[in-house]
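We name chains A, B, ... by the order of the sequence lines, and we start the count at 1 in each one.
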Amino acid sequence: MIRRNGLLSVVALLLAGAVVGTMVAACGIRPSTVITGREAPRGAVVSLTVYLLKNDALRPTSRALPPPTTYPSDLTAKPFYVNPHDDALHALADGPTTTDAAGGLTSDVPVGTRMSSTYDDAYGNVVFAEPPDKQPLSQHALDQIVCTLATSYAGDGNTSSTTMKVTVIVYGRPQPKQSCPFAIP
Amino acid sequence: MSRLRRILGVAWGLRPRLVVAFVLIAAISSAAASGATYIQARRVVENDATDAIVQPMVSRVHDYATYGQRLPPTQDQLNSIASEVGGNAVAVYQNMRSKGGMDLSVITSEMRDEMRTRTDVMWQRIDDHGTPAMIIGIPVLALQATDGWKPSGLEVYAKTSMSDQQTAVEKLATSAWLYGSLAALFAVIVALLAARGVLRPVRRLGITARQLGEGDLSARLTVRGNDEMAELARTFNNTAAALEHHVGQLRRMEADARRFVADVSHELRTPLAAMTAVTDVLDEEAPQLGDDAGQAARLVSQETRKLTRLVEDLMEVSRFDAGAARLALDDIDVASAIGSTLRARGWLGRVETDLPSGVVARLDPRRLDVIVANLVGNALKHGAPPVQVRLWADHNWVDVRVMDSGPGLAPEVLPHVFDRFYKAEFARTRSEGSGLGLAIAWENARLHTSGGLHGSLEATNRPEGGAMFILRLPRVVGEEPA
């Protein structure tokens with residue numbers, strides 16, 4: 001009995017030592033492995049996205065960013081504000097490239113349509129579109145314009161732009177306000 | 001191992017064992033409790049720090065720094081991203097980095113790899129030259145036309161010192177140690193109190209058991225409470241009571257037996273006195289009787305004398321047993337007392353004596369005579385001549401030695417020499433001795449007591465052969481008890 005007590009004491013001592021040792025060894029803030037958390041912020045823009053058509057269905061296509069606007073170094077006046085989202089609209093107005101065309105992509109937006117976007121208190125987001133020869137714009141063309149603009153906004157990291165509503169004004173005639181029928185990621 | 005066991009288990013008393021057990025229990029439980037609390041609290045501190053540092057950083061990056069940033073960036077663009085995020089943040093794009101800010105070399109390769117592929121914010125706690133720090137890596141995503149959101153190559157890094165958190169955790173550890181030590185101290189106090197509670201009855205039990213062992217059969221424990229110790233005390237008391245009862249019974253029986261012997265001896269004395277008177281007549285008449293009748297008369301007379309002597313010895317022994325024997329002390333010259341003993345028995349010529357005169361002691365002369373006569377008589381009867389009697393004395397003791405030159409005492413006989421009715425040779429059972437002589441001599445020697453000194457009589461064998469009896473009596477004998 002006494003011997004067992006002795007053995008018990010030894011075991012207890014070792015246990016206590018281990019506990020205390022662990023505590024001492026693990027003192028303070030410990031280095032960790034790489035911990036991943038919430039999703040990273042969005043908003044860098046590496047390319048433009050324009051919407052073309054394939055068999056009458058919208059299809060996002062990538063376009064390179066235009067080179068940054070450079071101003072003469074001796075410029076004294078402040079330049080006009082240039083809306084960066086117009087770059088995507090301009091790329092859309094350029095029509096499908098030869099590669100696109102080879103892949104069966106078409107566009108209902110006539111090549112050379114002049115477009116610029118803005119925000120208007122009465123209409124909200126607005127795209128002024130002036131196709132050459134005052135041609136009317138088909139619904140597909142309107143979809144292309146709305147989706148291209150909305151995706152451009154979304155690319156800045158503005159999450160609400162995936163459901164953004166846009167009014168296209170063709171030569172002063174506002175078309176019905178609509179959102180992009182294509183799911184913007 | 002066995003030594004350790006001995007140190008831990010056997011060599012320690014109950015008190016240290018209890019203390020150690022209590023302290024261990026306290027240490028283990030407080031270590032477990034504070035250890036678990038500590039680990040949990042540290043996790044909370046670490047997570048809080050993560051929330052407090054990572055979330056605002058990500059929000060700033062998202063809200064101000066990367067909104068619509070077109071890539072590849074210019075150096076100015078990177079610089080402005082970094083300054084919008086603030087602190088020591090660094091904006092990185094491929095081989096470019098913003099000016100100033102943190103040193104990128106502290107970023108682990110593991111984190112760089114993860115940054116390239118993952119679309120999540122990530123962070124890592126590192127040891128930055130001895131101080132804990134957190135590196136936050138934020139990849140900025142870009143929308144790809146067909147693939148959705150992918151890392152754009154623009155990354156923002158920031159480093160935050162966690163020394164505040166470190167301080168908080170150290171405080172936690174300090175308080176864990178402090179409260180652990182307090183718990184251990186408390187355990188020691190509780191253990192000592194418990195040990196006292198347990199050991200006090202044990203000590204009382206020990207004291208009472210010792211009293212019992214020393215002959216105080218009435219020693220009892222007071223039973224307190226109703227616990228195991230009380231049960232033990234009760235058992236002890238019952239055992240002691242049973243022991244007292246049995247010993248009392250034995251003593252009564254022994255006393256009865258002794259009284260019976262004394263009574264028998266006493267009752268035999270009167271008829272023996274009459275018979276002795278008759279045998280004296282028979283002795284005188286024996287020569288006138290015939291051969292057979294004369295021999296018978298002599299035999300009767302001889303046996304009667306022996307019987308008388310036996311009865312006298314029995315009565316003497318009974319007096320010792322009854323504690324009725326008293327010393328009649330007198331200042332005597334021991335040498336002349338021994339000389340007169342020898343002379344009276346007619347042994348002077350047969351005994352060599354070495355009796356220096358001038359040894360005066362306060363002894364009972366009659367008892368000294370009995371002892372010396374018995375020892376010398378035995379030596380003459382059973383030992384071989386020369387028989388020597390030697391007297392020697394110092395300040396405290398009178399030492400009388402009676403030696404013979406016979407074969408000595410057999411080793412198995414030695415321990416029993418002074419037993420009653422013990423006879424060394426069975427063949428001599430019918431010798432004229434009563435078998436009580438040496439026992440009476442021994443009792444007489446014991447009776448001489450002075451202060452702490454007890455008279456003694458010992459039997460031994462001389463190295464050169466022959467038995468030797470050593471009588472030692474205290475030289476200054478105390479006053480006769482009143």
note = For residues 132-155 of chain A against chain B, heavy atoms under 4.5 Å, the residues are A:Thr151, A:Ala154, A:Gly155
message = Would you say OH of A:Tyr123 has more than 12 non-hydrogen atoms from neighbouring residues, nucleotides or ligands within 6.0 angstrom?
response = no
message = Could you check whether atom OH of B:Tyr179 has more than 12 heavy atoms from other residues, nucleotides or ligands sitting under 6.0 Å from it?
response = no
key: Interatomic distance, B:Ile126 atom CD1 to A:Ile29 atom CD1 [nearest 0.5 angstrom]   = 13.0 Å
inquiry  = Counting heavy-atom pairs closer than 4.5 Å to chain B, which one of A:Asp87, A:Ile184, A:Val50 comes out on top?
reply    = A:Asp87
query = Do you know which of B:Gln69, B:Arg70, B:Lys150 has the most heavy-atom pairs under 4.5 Å to chain A?
reply = B:Arg70
message = Less than 4.5 Å apart, side chain to side chain, heavy atoms only: is that true for B:Gln144 and A:Val46?
response = yes
remark   = Looking only at B:Arg118, B:Glu114, B:Met111, B:Met134, the option with the highest number of non-hydrogen pairs under 4.5 Å against chain A is B:Arg118
query = Which bit of B:Trp123 is near chain A, if near means a heavy-atom gap under 4.5 Å: side chain, backbone, both or neither?
reply = both
Under 4.5 Å from any heavy atom of chain B - which part of A:Pro67 = neither
note = Heaviest contributor of heavy-atom pairs below 4.5 Å to chain A, chosen from B:Gly68, B:Gly153, B:Pro73, is B:Gly68
key: Residues of residues 32-43 of chain A with any heavy atom under 4.5 Å of a heavy atom in chain B   = A:Ser32, A:Thr33, A:Val34, A:Ile35, A:Thr36, A:Gly37, A:Arg38, A:Glu39, A:Ala40, A:Pro41, A:Arg42, A:Gly43
query = Checking B:Glu46 against chain A: side chain, backbone, both or neither under 4.5 Å from a heavy atom?
reply = side chain
ask   = Is it true that atom CZ of A:Arg59 has more than 12 heavy atoms of other residues, nucleotides or ligands lying nearer than 6.0 Å?
value = no
Interface moiety of A:Thr61 toward chain B, non-hydrogen atoms closer than 4.5 Å = backbone
ask   = So what's closer than 4.5 Å to chain A heavy atoms on B:Gln165: side chain, backbone, both or neither?
value = both
message = Can you tell me which of B:Pro139, B:Pro132, B:Ala168 forms the most heavy-atom pairs within a distance under 4.5 Å of chain A?
response = B:Pro139
Heavy-atom pairs under 4.5 Å with chain A, option from B:Val121, B:Val61, B:Leu71 with the top count = B:Val121
remark   = In terms of heavy-atom pairs under 4.5 Å with chain B, the winner among A:Pro31, A:Ser47, A:Pro60, A:Ser62 is A:Pro31
